[in-house]
Amino acid sequence: MIDPDTKAGWVPEADEVDQEEEMPLSLRLSIADTLTLGNATCGFMAVYFTTTGILIPHLTGSQETGMARHSAATAVILMLCAAVFDLFDGLVARKLRSSPMGAELDNLSDLISFGLAPAYFVLVYGMVADDAHQRVAAVGAIVVLLAVVLRLARFSCVTVKDGTFQGMPSPFGALTVVSIVLLELPFVATLLAILGTAWLMVSRVEYPKPRGRLAVAMLSWIVLGMGLMAAWAFDAPGGQLLLQTGCALQLVMGAVIPLFATARRVNNFRDNRREARAAQLP
């Protein structure tokens, strides 16, 4: 339209309209952010299946153990899927790009999938297991949740040397906690192992970042874990033994990696002292 007095157009120029309607950069989701949201979705659905398939049947007095086994397996598989999303969103962000809110999305999603979901799994375990103590298990669940919260907060504030994490990564810690519960150890041993895992997550023990061959190995391990969970869920021959073997290996990995990291740090310290003494010699 044209103003009859000034003969000027009333409609703004096309470029100005595009600039005004253009979405702010901070609100655009990248491919990596989409994977991160998949992580959060898997964590939430893990809580859902733990509630509907394990807790509610227990509270209503249902004796259907198969449904509880299927739901537990589904919840753990969803946590494993969340770990896959968490692995790939970092790789994609480094290869392509990440939005300005990518780091915040990653922390919030990790809190759901690797903090809330495993802590809730421990809480429900304390309510349904025969030899468990509900209130003590609730304390253990709170410790797991707070350990992940503190770890994620520290990760945002502390700078460590490239290629390492300070403390057990939250996905690895969540899978270790769940493996401890699935092993069906005596309650005291289960609780102590869970508390030990929570301590490792907030410790200063160095863990290598999953890159290159290590990322491939981690992905293969997760896929193997999904297979073990599926075999157990569908009551395949030897499924229980396969599940216990996989969970035991997860615990061994959780214990061995800190030992190797500590041994490497001690050796580096000794080497540095030798070099310093050699430099002081005339």
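The basis for the numbers below is simple: all heavy atoms, side chains too, and nothing from hydrogens, waters or symmetry mates.
Considering every non-hydrogen atom in both G173 and M201, the closest pair reads CA-SD, 4.0 Å. Residue G115 comes nearest to L145 through the heavy atom pair C-CD1, 3.7 Å, listed as atom of the first residue, atom of the second, then distance. Smallest separation of non-hydrogen atoms from G140 and L191: CA-CD1, 4.1 Å. Annotation for F49 and S71: closest pair O-CB, 3.6 Å, computed over non-hydrogen atoms. The two residues A147 and A198 have their closest heavy-atom pair at CB-O, 3.6 Å. Counting all heavy atoms, side chain and backbone alike, A82 lies closest to C42 at CB-CB, 3.8 Å.
Both L243 and L183 are members of a single hydrophobic cluster when ILVMFWY side chains are connected at heavy-atom separations under 4.5 Å. I77 is connected to L182 through a chain of hydrophobic side-chain contacts under 4.5 Å among Ile, Leu, Val, Met, Phe, Trp and Tyr, so both are in one cluster. At a threshold of 4.5 Å between side-chain heavy atoms, the hydrophobic network of Ile, Leu, Val, Met, Phe, Trp and Tyr places I54 and V47 in one connected group. Under a hydrophobic clustering in which Ile, Leu, Val, Met, Phe, Trp and Tyr are joined whenever their side-chain heavy atoms come within less than 4.5 Å, directly or via other members, M45 and V76 fall into different clusters. Note on F114: it does not cluster hydrophobically with V144, by side-chain heavy-atom contacts below 4.5 Å among ILVMFWY residues.
Note that CD of E184 is 7.0 Å distant from CD of Q244, once rounded to the nearest 0.5 Å. Interatomic distance, L55 CG to L123 CG, rounded to the nearest 0.5 Å: 8.0 Å. Between L251 atom CG and T197 atom OG1 the span is 6.5 Å, to the nearest 0.5 Å. For the atom pair OH (Y125) and CD1 (I194), the distance works out to 7.0 Å, reported to the nearest 0.5 Å. Here CE of M229 is found 12.0 Å from CG of L242. Values are rounded to the nearest 0.5 Å. Atoms CZ and CZ, on R204 and R154 in that order, are 7.5 Å from each other to the nearest 0.5 Å.
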Could you go through M168 and V205, starting from their C-alpha distance and side-chain angles, then the distance that decides it, and tell me whether this counts as side-chain contact (heavy atoms from CB on, under 4.5 Å)?
CA-CA 7 Å; M168 179 182 287; V205 177; over 6 Å; no
Can you check side-chain contact (heavy atoms from CB on, under 4.5 Å) on V143 and L195, steps first, answer last?
CA-CA 7 Å; V143 170; L195 295 179; 3.8 Å; yes
Stepwise side-chain contact (heavy atoms from CB on, under 4.5 Å) test for W221 and Q250
CA-CA 9 Å; W221 175 254; Q250 179 72 27; 2.8 Å; yes
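In this structure the side chain of L111 never reaches within 4.5 angstrom of the side chain of L116, judged on heavy atoms. A 4.5 Å side-chain heavy-atom check between D86 and S109 finds every atom pair outside the cut-off. Taking 4.5 Å as the limit, every side-chain heavy atom of V84 sits out of range of all side-chain heavy atoms of L80.
Residue-environment remark: CD1 (I31) stays at or below the threshold of 12 foreign heavy atoms within 6.0 Å. More than 12 heavy-atom neighbours from other residues, nucleotides or ligands sit within 6.0 angstrom of CD on Q240.
Classified by interplanar angle (parallel below 30°, tilted 30° to 60°, perpendicular above 60°), the ring pair H133/F187 is perpendicular.
A donor-acceptor pair shorter than 3.5 Å cannot be found between the side chains of D33 and T36.
Of the possible donor and acceptor atoms, none in the side chain of R151 sits under 3.5 Å from a partner among the backbone N and O of S203. Side-chain atoms of S113 come within 3.5 Å of backbone atoms of N39 as a donor-acceptor pair (strictly under, hydrogens ignored).
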